[in-house]
2 protein chains.
Amino acid sequence: MLQIANLLKENHLKVTPQRIAIFKILYTSTEHPSAEQIYKDLQPTHPTMSLATVYKTLDTLKKSGLIQEFNVGEDCFRYDANVNTHPHMICLECHQVFDLHTDKLNNLRDYVKDETDFNITYEKVFFYGTCAECNKS
Amino acid sequence: MLQIANLLKENHLKVTPQRIAIFKILYTSTEHPSAEQIYKDLQPTHPTMSLATVYKTLDTLKKSGLIQEFNVGEDCFRYDANVNTHPHMICLECHQVFDLHTDKLNNLRDYVKDETDFNITYEKVFFYGTCAECNKS
DNA sequence: ATAAATGCAAAACCTTTGCACGCCT
DNA sequence: AGGCGTGCAAAGGTTTTGCATTTAT
């Protein structure tokens with residue numbers, strides 16, 4: 001909790017209960033929730049928080065580089081407090097999104113450096129398929 | 001034109017002027033247009049076509065595997081008639097989306113095969129940065 | 001002839017915006 | 001006092017849906 005407060009301060013953001021709660025959800029979960037999901041998750045503990053605040057806070061955190069936003073083909077965006085470059089794996093059956101912790105895809109941009117005149121800043125990689133749990137059935 | 005008609009027939013889709021026009025836009029352009037953009041592009045030649053038809057047609061073509069859909073972080077989806085796996089490059093300044101034709105990133109899933117219990121079907125790769133044109137200025 | 005595609009309007013949905021209020025310094 | 005964050009409601013934008021009509025096979 002204190003750590004999150006410090007993280008916000010370091011990024012020149014005001015420390016509010018809402019911001020701490022939203023970041024904590026993203027930091028402690030592995031679900032890459034949407035704004036709506038975050039809102040629902042916080043209903044029990046923060047019943048007065050509005051959905052607009054969730055959106056505004058996500059935007060603020062994103063602009064400070066504390067979280068990343070992406071869309072895997074759904075009608076909404078998902079958010080991740082892990083801003084290190086790492087692939088996401090999307091299960092086409094249960095629609096869960098998983099992180100892939102690997103160093104096998106580091107420096108991906110180096111592979112294509114000679115084939116483009118783009119100045120690459122960062123990349124996003126998504127693997128689609130079926131997860132272990134869904135493969136069982 | 002005839003080729004597109006055959007392509008539709010081969011996929012058990014009815015051949016309509018709207019479908020041909022929409023697929024042709026995607027097939028001949030490199031812009032990865034959104035539904036709205038396709039609609040506007042077709043206004044001069046197909047003034048009676050509705051935006052709903054564009055959306056329905058894109059959904060049909062997508063389900064038949066003739067086009068692919070993706071979201072690079074905007075508030076809408078973009079479409080591509082090139083369904084081969086290939087990276088997309090997004091310019092953070094002019095917001096254009098380019099194809100990268102390379103074979104350097106083939107078999108990307110093989111790199112991570114041993115690090116996941118996912119059954120990978122396909123992948124999407126996005127490089128973000130600045131394009132050659134925007135780098136000049 | 002039949003089934004499907006189109007066009008229009010309305011609805012649904014996610015996200016943003018405007019504004020008043022409250023909080024903290 | 002002042003600036004910023006929050007909450008509410010309304011608006012904005014994209015996408016989907018229902019239904020009558022038209023079209024393709």
Taking only the side-chain nitrogens and oxygens of [X], find out if one of them lies under 4.0 Å from OP1 or OP2 of [N].
X       : N      : value
B/Ser34 : D/dT14 : no
A/Thr53 : D/dG7  : yes
A/Tyr55 : C/dT16 : no
A/Gln18 : D/dG7  : yes

Among [options], which nucleotide sits nearest the side chain of [X]?
X       : options                : result
A/Arg19 : C/dT15, C/dT6, D/dG5   : D/dG5
A/Thr16 : D/dT6, D/dA24, C/dC13  : D/dT6
A/Thr57 : D/dT6, C/dT15, D/dG7   : D/dT6
A/Cys76 : D/dT15, C/dC14, D/dG13 : C/dC14
B/Ser50 : C/dC8, C/dC14, D/dT6   : C/dC8

Relative to the 5' end of DNA chain C, which residue comes earlier, B/Thr48 or B/Lys14, by the nucleotide with the nearest heavy atom?
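In this pair, the answer is B/Lys14.
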On DNA chain C, does the nearest nucleotide to A/Glu36 precede the nearest nucleotide to A/Ala52 from the 5' side, or the other way round? Give the residue.
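In this pair, the answer is A/Glu36.
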Length of the [atom1]-[atom2] vector between [X] and [N], whole Å:
X       : N      : atom1 : atom2 : value
B/Tyr39 : D/dT14 : OH    : P     : 13 Å
B/Ile38 : C/dT6  : CD1   : P     : 14 Å
A/Leu61 : D/dG5  : CG    : P     : 11 Å
B/Leu13 : C/dA3  : CG    : C1'   : 14 Å
B/Lys62 : D/dT16 : NZ    : P     : 7 Å
B/Lys63 : D/dT15 : NZ    : C1'   : 13 Å
B/Glu74 : D/dT15 : CD    : C1'   : 16 Å
A/His46 : D/dT6  : NE2   : P     : 11 Å

Do the side chains of B/Lys56 and B/Asp59 get close enough for a salt bridge, i.e. N-O under 4.0 angstrom?
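Judged by the 4.0 Å cut-off on N to carboxylate O distance, B/Lys56 and B/Asp59 do not form a salt bridge.
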Side chains of B/Thr53 and B/Gln18: do they bring a donor and an acceptor to under 3.5 Å?
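There is no such pair (donor and acceptor under 3.5 Å, judged by atom type) between the side chains of B/Thr53 and B/Gln18.
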Please check if any side-chain donor atom of A/Glu10 sits under 3.5 Å from a side-chain acceptor atom of A/Asn6, or the reverse.
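Side chains of A/Glu10 and A/Asn6: no pair found under 3.5 Å.
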By nearest heavy atom, map B/Ala35 and B/Pro17 onto DNA chain D; which one lands nearer the 5' end?
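Nearest nucleotide further toward 5': that of B/Ala35.
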Go through the N and O atoms of the side chain of A/Lys56 and the base of C/dG18, and report whether any donor-acceptor pair is under 3.5 Å.
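Present.
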Close side-chain approach of B/Ile120 to A/Met89, heavy-atom, < 4.5 Å:
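Yes, at least one pair of side-chain atoms sits under 4.5 Å.
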Is there a side-chain contact (heavy atoms from CB on, under 4.5 Å) between A/Leu108 and B/Leu108 once you walk through the steps?
CA-CA 10 Å; A/Leu108 212 55; B/Leu108 213 55; 4.1 Å; yes
